[in-house]
Amino acid sequence: MTARGLYIYCVAKGDREEPLDLCGIEGTPLWALTDQGLVAIVQECEPKPFASADQKVFANWLLIHQNIVDLAWERYETIIPFGFGTVILPTNGNSARQNLNEWLEKESAEVTRKLEYLKNKAEYGVQVLWDPNVILPRIREQDAEIQQSEKETRSKPAGVAYLLQRKLEELIRQRLETAADVHFKTFYHRIRECVENIHIEKVRKEDPPKQMILNVSCLQNKEAMTALGAVLENIGQMPGFDVRFTGPWPPYSFVTAGG
Amino acid sequence: MLNQTSMEPTRQGRATLVDLLDRVLDKGLLINADMIISLAGVPLIAVNIRAAIASVETMLDYGLMRDFILPQILPQDTPLQSPPNTGFHPPD
């Protein structure tokens with residue numbers, strides 16, 4: 001018995017145990033290992049976390065992981081992807097292979113149920129960005145308090161005006177925040193209506209002046225994308241707003257417990 | 001307000017690469033079990049990878065990256081004779 005670990009890429013339905021004509025991280029051959037009508041796409045590896053001080057090596061591994069998952073997705077049609085760096089270890093006299101089989105046996109009902117749920121579906125990323133420089137004049141036009149505060153600031157001597165300017169900036173910041181929140185809710189509900197499932201993600205920092213106000217992962221049938229596409233097209237045509245629509249991706253965001 | 005055209009999703013471009021790598025890094029099935037290790041338990045490594053993504057991001061977009069990665073993972077001449085961890089044979 002070897003003391004090697006198994007790096008796992010994804011699981012799918014299948015009952016053919018076979019070498020895949022592919023190499024994984026560090027050029028190691030890939031295998032489809034089966035149990036309980038499920039197939040796990042794996043490669044052998046050292047039984048320890050994947051680490052490299054070289055960032056390029058790391059990035060390369062990450063991309064290999066994603067490409068393998070992608071190829072498996074094409075081949076098996078429905079998969080449950082694992083995140084980068086999952087290694088099944090040999091433990092207490094069990095080989096990693098035995099541990100894999102034990103896990104598949106224990107989880108087969110849940111994994112099979114999840115695979116059924118994910119059938120024909122894919123994940124899509126949606127991000128909405130806005131440009132406050134375009135949005136703010138429209139807020140200002142409709143906001144009596146901002147208009148009043150601007151008027152007051154202009155009419156006061158420098159020292160007082162400085163303080164008022166500070167107050168005005170804070171008021172504008174609050175108004176933008178409220179507007180972002182209102183837009184987030186509106187967009188979220190419109191998107192939610194067009195998809196099977198949705199997760200809210202953290203917004204990312206963008207190159208100024210653009211700001212991301214919404215970041216979601218959506219799960220939807222690959223053949224039923226028209227409604228979502230139409231909603232996003234519509235949002236993207238609003239002045240000051242941009243939409244990023246990425247995918248189809250393997251359902252990374254919808255495979256955790258309860259997802 | 002109803003728009004007749006429909007936006008199409010894309011897998012190309014730098015922002016898309018970041019969107020993808022975020023998923024590969026932070027998501028996917030997580031198993032809590034003694035026999036499994038994942039990067040979720042190794043925060044320092046995750047930070048390293050974030051930096052790695054940033055450096056790669058400036059070099060290449062995903063389209064090019066795919067051309068770069070595929071030759072590494074497509075068929076090799078290595079003969080594959082026995083499954084890994086052959087100490088255990090599953091029932092036929």
Side-chain angles (χ1 to χ4, degrees), chain A residues 1-2 4 6 17 19 21-24 27 29 31 33-35 42 44 49 51 55-56 58-59 62-68 80-89 91 95-99 101 103 124-125 226 229-230 232-234 236-237 243-249 252-253 255-256, chain B residues 1-11 13 15-16 18-31 33-42 44-45 48-49 51-56 62 65-66 68-70 72-76 78 80-81 83-88 90-91:
Chain A
M1 189 181 302
T2 64
R4 302 278 284 166
L6 286 176
E17 177 131 335
D21 237 0
L22 293 170
C23 287
W31 279 82
L33 302 181
T34 60
D35 196 7
V42 299
E44 282 195 319
Q55 290 172 358
K56 281 186 185 148
F58 232 139
L62 201 54
L63 290 160
I64 287 174
H65 178 99
Q66 162 52 20
N67 276 279
I68 298 286
I80 295 179
F82 279 74
F84 176 83
T86 310
V87 177
I88 300 173
L89 302 170
T91 52
S95 69
R97 174 67 202 263
Q98 281 169 308
N99 280 336
N101 282 59
W103 179 75
Y124 298 86
T226 321
L232 298 182
E233 178 78 30
N234 200 253
Q237 284 181 358
V243 174
R244 263 188 223 138
F245 186 19
T246 73
W249 307 123
Y252 282 104
S253 306
V255 294
T256 46
Chain B
M1 283 296 279
L2 187 68
N3 202 302
Q4 294 304 307
T5 52
S6 183
M7 194 173 179
E8 295 286 335
T10 178
R11 293 179 55 129
T16 302
V18 175
D19 204 37
L20 169 65
L21 295 186
D22 256 5
R23 289 184 161 76
V24 178
L25 201 54
D26 286 342
K27 304 203 170 200
L29 191 59
L30 275 179
I31 306 170
D34 294 344
M35 58 169 193
I36 286 165
I37 41 173
S38 66
L39 286 188
V42 193
L44 208 62
I45 295 179
N48 275 348
I49 294 198
I53 291 172
S55 70
V56 169
Y62 183 53
M65 197 55 86
R66 206 178 157 91
F68 172 63
I69 295 296
L70 281 181
Q72 293 184 56
I73 62 176
L74 288 177
Q76 308 276 313
T78 329
L80 302 170
Q81 280 154 1
N85 284 283
T86 46
F88 178 77

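Order of the sequence lines fixes the chain letters, A, B, ..., with proteins taken first and strands second; residue numbering starts at 1 for each chain.
- Between the side chain of A:Q98 and the backbone N or O of A:S95 there is at least one donor-acceptor pair closer than 3.5 Å.
- Listed options A:G83, A:G125, A:P81, A:G247 were ranked by heavy-atom pairs under 4.5 angstrom with chain B; first place goes to A:G247.
- Using a 4.5 Å cut-off between heavy atoms, A:I80 contacts chain B through its side chain alone, with no backbone atom that close.
- Counting all heavy atoms, side chain and backbone alike, B:M7 lies closest to A:V243 at CE-O, 3.2 Å.
- Contact of A:T226 with chain B is made through backbone and side chain together, with heavy-atom distances under 4.5 Å.
- Between A:I68 and A:C23, the shortest heavy-atom contact is CD1-O, 3.5 Å.
- Side-chain contact between A:I88 and A:V42: absent, with no pair of heavy atoms (C-beta onward) separated by less than 4.5 Å.
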